[in-house]
Amino acid sequence: MKDNFYWKLRTLSLPIVFQSLMLALVAACDALMLGQVTQVQMTAVSLATQIQFVQNMFLYSLTAAGSILGAQYWGKGDKETLRKLFNLMLIAAGIISLIFFFACEFAPAALMHIFASDKELISIGSSYLRIAGWSYLITGISQCYLAIMKITDHVVAGSWISSSVVIINIIFNGIFIFGLLGAPRMEAEGAAFATTLARVIELGLCIGLSFKDTFIRPAIKRLFNIQNQLIKDYIRQLLPLLGGSLFWGVGFTSYTAIMGHMGVDAAAANSVAAVVRDLICCVCNGVGTAAGIMVGNELGAGNLEKGKAYGIRLRNISYVIGFASTAVVLAITPIVVHFVKLTEAAEQYLTGMMIIMAIYMIGRCVNTVTINGVLDGGGDTIFDMYSLAVCMWGIAIPLALLGAFVFNWPVLLVYACTCLDEVGKIPWVMLRFRKYKWVKNLTKDL
């Protein structure tokens, strides 16, 4: 079983890690390219993309709920129920995408006011959102296709699509941000336009590839013909995931807003630190996704003890990833600070943030693999919401708000408050894990 376990882990996680890395590279390239224009352009776009971050929390919940059930039904061999589940995901994602599209088109300045008080940042960010909003309309549908590919043994195909689109996006970024090859120089708006074009291509590739015989396609002619029991099971998984995602997503966005209101230098340093964090977290994100699929497949097939053994081994691996990520962050800190164009004050902030982030990475990696992978794979989705309510909203956010706006704490101390939640909840996560409530089969004969 050991060799089979590591073969499965490599087969699933490596394409997802690569896919996550390529997606994170888009944000990194946006930051680097716009940083070559001005610090203000880079910071404005970084703040504006927090809207997509919040949308992604909804989409993550919708696709993750489908993936939890879908992985178990795929392990069971029930493809017909999986197609109906695909339909359900598309309906939910379509509604969310429309809401965010209209918000970006008709109230971009109001959205930017949440994250910044500087008029120039708000103006640049609003222009970005009016164009990027079209990409938000498309993203939800393509994410459903990619989620289904991951759980039906087509993880390499999904990774190939995402990675190809990232390369296209980066090329378009260079063309439209700087006005290359005869294109107009659009700067921040160019980054938005590049993203929108890339998302159109991504959706086209997803739909085209899904027509191959071995791929699961949505049953469009029976889009709303879904059993009530399946809808109830989906909602039962969705609501805790959505609660946890919103707690985490809005909380994380609050951190960005708090840092954004502490000055342009603090916001710029935080923007760069966030890009580095997202790049380093690609490994734990990939292993976490693979963990949910592996555990879910075994539990859905009725192999409860094997699924439990997989979960224990994955929990142990998460600690290895966490400490390795800490070492990587510390090693690249001088390189990052030297490479990015920042003011002297922003450079000092960035150095301190990177050191604090190195400790944060241990908690982030352990919690991602254990909670979003193993526990979710067995349907224990409500714990994440509880832990975020206490650790993030009960401790980290109030401390950061008080430090920034009441006690006038230094920027780095406020930033450290925003990193408290992941490290602080590790003991609680381990206690929940050892109760083994996640060892259960969620499938039904529909």
Side-chain angles (χ1 to χ4, degrees), residues 27 31 43 46-47 50 53 114-117 247-281 284 318-319 321-337 340 342-368 371 384 387-430:
T43 306
S46 176
L47 294 173
Q50 294 304 304
F53 178 77
I114 299 171
F115 305 105
S117 52
F247 272 139
W248 187 79
V250 176
F252 228 80
T253 305
S254 299
Y255 293 157
T256 303
I258 291 168
M259 301 307 298
H261 284 282
M262 295 193 76
V264 175
D265 287 329
N270 185 58
S271 298
V272 176
V275 170
V276 175
R277 179 197 65 223
D278 291 343
L279 287 170
I280 302 298
C281 283
C284 70
S318 72
Y319 280 98
I321 298 170
F323 284 104
S325 298
T326 294
V328 171
V329 171
L330 292 174
I332 66 172
T333 294
I335 301 171
V336 173
V337 174
V340 183
L342 295 173
T343 64
E344 185 177 348
E347 284 185 357
Q348 292 176 355
Y349 289 150
L350 179 58
T351 301
M353 288 176 181
M354 293 285 285
I355 294 170
I356 294 167
M357 190 206 305
I359 307 300
Y360 159 89
M361 289 305 301
I362 299 171
R364 175 68 180 270
C365 292
V366 170
N367 295 331
T368 296
I371 299 176
D384 192 25
S387 66
L388 289 166
V390 174
C391 297
M392 177 179 273
W393 286 91
I395 299 173
I397 290 177
L399 277 177
L401 285 170
L402 289 171
F405 302 115
V406 178
F407 301 122
N408 296 316
W409 286 347
V411 168
L412 292 180
L413 183 55
V414 173
Y415 181 79
C417 292
T418 67
C419 296
L420 278 176
D421 56 307
E422 293 287 1
V423 178
K425 68 183 180 185
I426 291 179
W428 192 10
V429 172
M430 292 302 104

message = Tell me if a side-chain donor or acceptor on Thr368 pairs with a main-chain N or O of Cys365 at a distance below 3.5 Å.
response =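 Answer holds: no.
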
ask   = If every non-hydrogen atom of Pro334 is compared with every non-hydrogen atom of Ala331, which pair is closest and at what distance?
value = CD-O, 3.6 Å

Any Met259 side-chain heavy atom under 4.5 Å of Val411 side chain =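 Yes, at least one pair of side-chain atoms sits under 4.5 Å.
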
message = So, taking the atom named CD1 in Ile280 and the one named CE in Met357, what distance separates them when rounded to the nearest 0.5 Å?
response =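 Those atoms lie 8.0 Å apart.
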
key: Side-chain (Asp265) to main-chain (Ala345) donor-acceptor, under 3.5 angstrom   = no

key: Gap separating the CG atom of Asn367 from the CH2 atom of Trp428, nearest 0.5 angstrom   = 11.5 Å

inquiry  = I'd like to check Val329 versus Arg277 (side-chain heavy atoms, cut-off strictly below 4.5 Å). Are they in contact?
reply    = no

ask   = To the nearest 0.5 Å, what is the distance between CG (Leu402) and CD1 (Ile397)?
value = 12.0 Å

inquiry  = Within the supplied structure, the quantity of interest is the number of heavy atoms (other residues, nucleotides, ligands) at a distance under 6.0 Å from Phe323 CZ; does it exceed 12?
reply    =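 No, CZ of Phe323 has 12 or fewer neighbouring heavy atoms, counting only those of other groups under 6.0 Å.
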
task = Output the distance between atom SG (Cys281) and atom CZ (Arg364), rounded to the nearest 0.5 Å.
result =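 Between Cys281 SG and Arg364 CZ, I get 4.0 Å after rounding to 0.5 Å.
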
query = Between atom OG of Ser387 and atom CG of Asp421, what is the distance when rounded to the nearest 0.5 Å?
reply = 9.0 Å

request  = Measure from the side-chain N and O atoms of Trp393 to the backbone N and O of Phe247, and report whether any donor-acceptor pair falls under 3.5 Å.
outcome  =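 Confirmed, Trp393 side chain pairs with Phe247 backbone.
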
message = Given 3.5 Å as the limit, does a donor-acceptor pair link the side chain of Asn270 with the main chain of Ala266, or not?
response =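 Not confirmed, Asn270 side chain does not pair with Ala266 backbone.
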
Rounded distance [0.5 Å steps], OG1 in Thr326 versus OH in Tyr360 =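 Reported to 0.5 Å precision, the distance equals 11.5 Å.
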
task = List the atom of Ala396, the atom of Cys417, and the distance in Å for their closest heavy-atom pair.
result = CB-O, 3.4 Å

task = Check whether any side-chain heavy atom of Thr256 sits under 4.5 Å from a side-chain heavy atom of Leu47, and report yes or no.
result = yes

task = Apply side-chain contact (heavy atoms from CB on, under 4.5 Å) to the pair Met392 and Leu420, showing each step before the final yes or no.
result = CA-CA 8 Å; Met392 177 179 273; Leu420 278 176; over 6 Å; no

request  = Check the pair Ile332, Val276 against side-chain contact (heavy atoms from CB on, under 4.5 Å), reporting the backbone distance first and the verdict last.
outcome  = CA-CA 9 Å; Ile332 66 172; Val276 175; 3.8 Å; yes

message = side-chain contact (heavy atoms from CB on, under 4.5 Å) for Phe405 and His261? Distances and angles first, verdict last.
response = CA-CA 9 Å; Phe405 302 115; His261 284 282; 3.9 Å; yes

message = Tell me whether Thr418 contacts the main-chain N or O of Tyr255 through its side chain, where contact means a donor paired with an acceptor under 3.5 Å.
response =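 It does not hold such a pair.
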
query = Do Ile321 and Met361 come within less than 4.5 Å of each other through their side chains, counting heavy atoms only?
reply = no

Asp384/Lys425 under side-chain contact (heavy atoms from CB on, under 4.5 Å): CA gap, chis, key distance, verdict = CA-CA 10 Å; Asp384 192 25; Lys425 68 183 180 185; 4.2 Å; yes

request  = May I ask you to test the Val414-Ile258 pair for a side-chain heavy-atom distance under 4.5 Å?
outcome  = yes

ask   = Can you check whether Leu399 reaches Trp409 side chain to side chain, under 4.5 Å on heavy atoms?
value = yes

